[in-house]
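Okay, structure first, notes after.
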2 protein chains.
Amino acid sequence: MEWTAPRVLLAVDLVILTLRDARLHVLLVERGVEPHLGASALPGGFLRDEHEDITSAARRELAEEAGLSDVPHLEALGVYGEPGRDPRGRVVSVAHLAVAPRLPEPVAGTDAAGARWVPVERALTAELAFDHRRILADGVERARAKLEHSALATAFCDETFTISELQQVYEAVWGIRLDPRNFYRKVQNARGFIVADGPMRRTDTGRPARLFRAGPVRVLNPPMSRP
Amino acid sequence: MEWTAPRVLLAVDLVILTLRDARLHVLLVERGVEPHLGASALPGGFLRDEHEDITSAARRELAEEAGLSDVPHLEALGVYGEPGRDPRGRVVSVAHLAVAPRLPEPVAGTDAAGARWVPVERALTAELAFDHRRILADGVERARAKLEHSALATAFCDETFTISELQQVYEAVWGIRLDPRNFYRKVQNARGFIVADGPMRRTDTGRPARLFRAGPVRVLNPPMSRP
DNA sequence: GTAATAGTGTCTGTAAGACAGTATTGG
DNA sequence: CCAATACTGTCTTACAGACACTATTAC
């Protein structure tokens with residue numbers, strides 16, 4: 001028998017998270033083509049050609065659709081390939097999780113015209129194209145889990161940051177309040193998580209805080225336990 | 001411009017783990033077709049048709065190539081789609097992790113003629129087709145991590161098991177020795193992890209042990225910490 | 001001074017790891 | 001009796017969470 005394997009369309013979708021006003025936001029775009037024209041969706045698109053690497057495609061969409069030329073964290077999240085998920089045919093999407101620090105402007109004006117930051121809480125209850133609500137939920141859950149055991153939280157911060165800024169990351173992603181004093185101690189006890197960045201200080205209101213930067217360690221020990 | 005998205009071949013590969021002689025084993029097959037004809041490889045294959053679900057394809061390969069009609073654990077592991085990984089063209093593989101209890105016979109004689117259980121330690125140092133060594137390494141690492149926080153270990157056991165059998169799972173997967181007395185206490189303190197299965201007992205040598213079965217809980221609290 | 005945030009110390013409960021000791025089987 | 005494994009208890013150390021307290025800024 002001359003059976004030939006079927007071919008599928010390969011897409012990448014992006015869950016891009018950031019902090020704005022101490023709340024977790026995700027980047028959504030307004031779809032400019034069918035299907036789901038005009039609906040909110042995660043940024044993403046098809047592989048450009050047969051030879052494009054999947055991670056490269058994710059980075060390209062990050063630049064094209066979100067105007068982000070570089071992010072401190074990008075990882076594959078999972079595969080979403082249910083047969084009926086896209087009416088254009090059999091589309092298999094490799095979802096990615098990206099994390100970026102708060103940006104000066106929500107989005108640049110390239111192809112990313114319809115892009116905007118949306119609070120995750122609202123995005124999760126809104127109508128999203130395809131199975132993007134599930135992808136978003138999985139991405140947020142992945143971020144929540146990784147905050148515990150990895151240094152992912154620093155990807156939400158600028159190069160230097162205060163401990164309370166780092167605490168805001170944990171509070172926003174986990175959606176809970178933390179005791180600043182215990183957080184201070186725990187973050188310092190996680191060896192290699194953050195390192196002091198000179199004796200510099202910064203000011204908002206109240207006593208100025210020391211500045212830190214991300215340490216060399218990727219896996220936290222002891223971990224930052226979620227209550 | 002009339003650009004059309006490229007299509008790729010979609011495959012599933014399987015990291016099937018089990019315990020044999022208190023050591024972690026993985027199921028490998030001998031490839032019967034080019035490329036890598038005759039080489040050792042993970043079981044797997046292409047999507048059957050445009051409408052086959054990815055998980056269904058994984059289950060089908062599990063039955064066809066491994067003779068396993070049902071396993072207590074099956075989950076997607078990741079996507080492996082590097083452009084050059086398969087000379088037949090652009091192949092994107094969705095790797096899966098399956099866990100099965102020790103089986104009466106290594107493999108049935110259906111299509112799984114060339115299938116055999118290989119100690120993971122040896123498989124990781126052997127020559128494997130494609131990028132299967134990396135997939136295997138990732139699968140083992142996933143299993144190791146999940147033992148800590150989930151009830152995955154019970155998937156390696158029969159429906160009822162003793163605590164020392166469960167300990168053998170942890171020791172084999174983590175590749176370390178554990179103190180039986182501390183293990184006993186920890187496993188019992190993880191609420192809902194295992195539940196007593198009547199006052200039955202079983203015998204090997206020494207004092208007979210109580211039998212347990214998997215509890216309702218999927219996430220362990222407190223976790224089984226890896227030393 | 002007050003308000004606000006940064007940072008330190010102290011207490012209590014829980015859990016991990018080391019390991020002594022008892023219990024129950026077979027030979 | 002001994003060997004072997006199952007199970008219980010006890011001790012020490014580490015960390016989580018609660019929270020009193022001091023420090024340093026702006027006003």
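Here is the naming used below: chain letters follow the sequence lines, and residue numbers restart at 1 for every chain.
- With values rounded to the nearest 0.5 angstrom, B:Ile194 atom CD1 is found 10.5 Å from B:Leu220 atom CG.
- Under a 3.5 Å cut-off, the side chain of B:Glu165 and the backbone N or O of B:Thr162 do form a donor-acceptor pair.
- One can find a donor-acceptor pair under 3.5 Å joining the base of D:dA20 and the side-chain atoms of A:Arg181.
- With hydrogens and angles left out, the side chain of A:Arg185 and the base of D:dG17 share a donor-acceptor pair within 3.5 Å.
- A close approach under 4.0 Å does occur between a side-chain nitrogen or oxygen of B:Ser225 and OP1 or OP2 of C:dG17.
- Across the protein-nucleic acid pair, B:Gln188 atom CD and C:dA15 atom C1' stand 15 Å apart, rounded to whole Å.
- Comparing D:dC15, D:dA20, C:dA6 by their nearest atom to the side chain of A:Arg207 picks out C:dA6.
- Going from atom CG of A:Leu220 over to atom P of D:dC15 covers 13 Å, rounded to whole Å.
- With rounding to whole Å, A:Glu148 atom CD is found 11 Å from D:dA16 atom P.
- Rounded to whole Å, the distance from CZ on A:Phe183 to P on D:dC15 is 17 Å.
- When distances are taken from the side chain of B:Arg210 to each of D:dC19, D:dC7, C:dA6, the shortest belongs to D:dC7.
- Out of C:dA15, D:dA4, D:dT24, the shortest distance to the side chain of B:Thr205 is found at D:dA4.
- Counting atom types as modelled, B:Asn182 pairs a side-chain N or O with a base atom of C:dA18 as donor and acceptor under 3.5 Å.
- Between B:Asp21 and B:Arg23 there is no salt bridge, since no side-chain N of the basic residue sits under 4.0 Å from a carboxylate O of the acidic one.
- Separating the CG atom of B:Asn189 from the P atom of C:dA16 is a distance of 7 Å, rounded to the nearest angstrom.
- A straight line from OH of A:Tyr184 to P of D:dT24 spans 12 Å, rounded to a whole angstrom.
- Residues B:Phe183 and B:Tyr170 place their aromatic rings such that the two centres sit under 6.0 Å apart.
- One interatomic measurement links the two molecules: CG of A:Leu211 to C1' of C:dG7, which rounds to 15 Å at whole-angstrom precision.
- Between A:Gly206 and A:Asp179, the residue anchored nearer the 5' end of DNA chain D, judged by the nucleotide with its closest heavy atom, is A:Asp179.
- Map A:Ile163 and B:Pro223 each onto its nearest nucleotide of DNA chain C; the residue landing nearer the 5' end is A:Ile163.
- A:Pro180 comes within 4.0 angstrom of nothing in the nucleic acid, heavy atoms only.
- For A:His149 and B:His149, the ring centers are positioned less than 6.0 Å apart.
- At the heavy-atom level, B:Thr162 lies nowhere under 4.0 Å from the strands shown.
- When each of A:Pro208 and B:Ser164 is assigned the nucleotide of DNA chain D bearing its nearest heavy atom, the one mapping closer to the 5' terminus is B:Ser164.
- Rounded to an integer number of Å, the gap from A:Gln167 CD to C:dG7 P is 12 Å.
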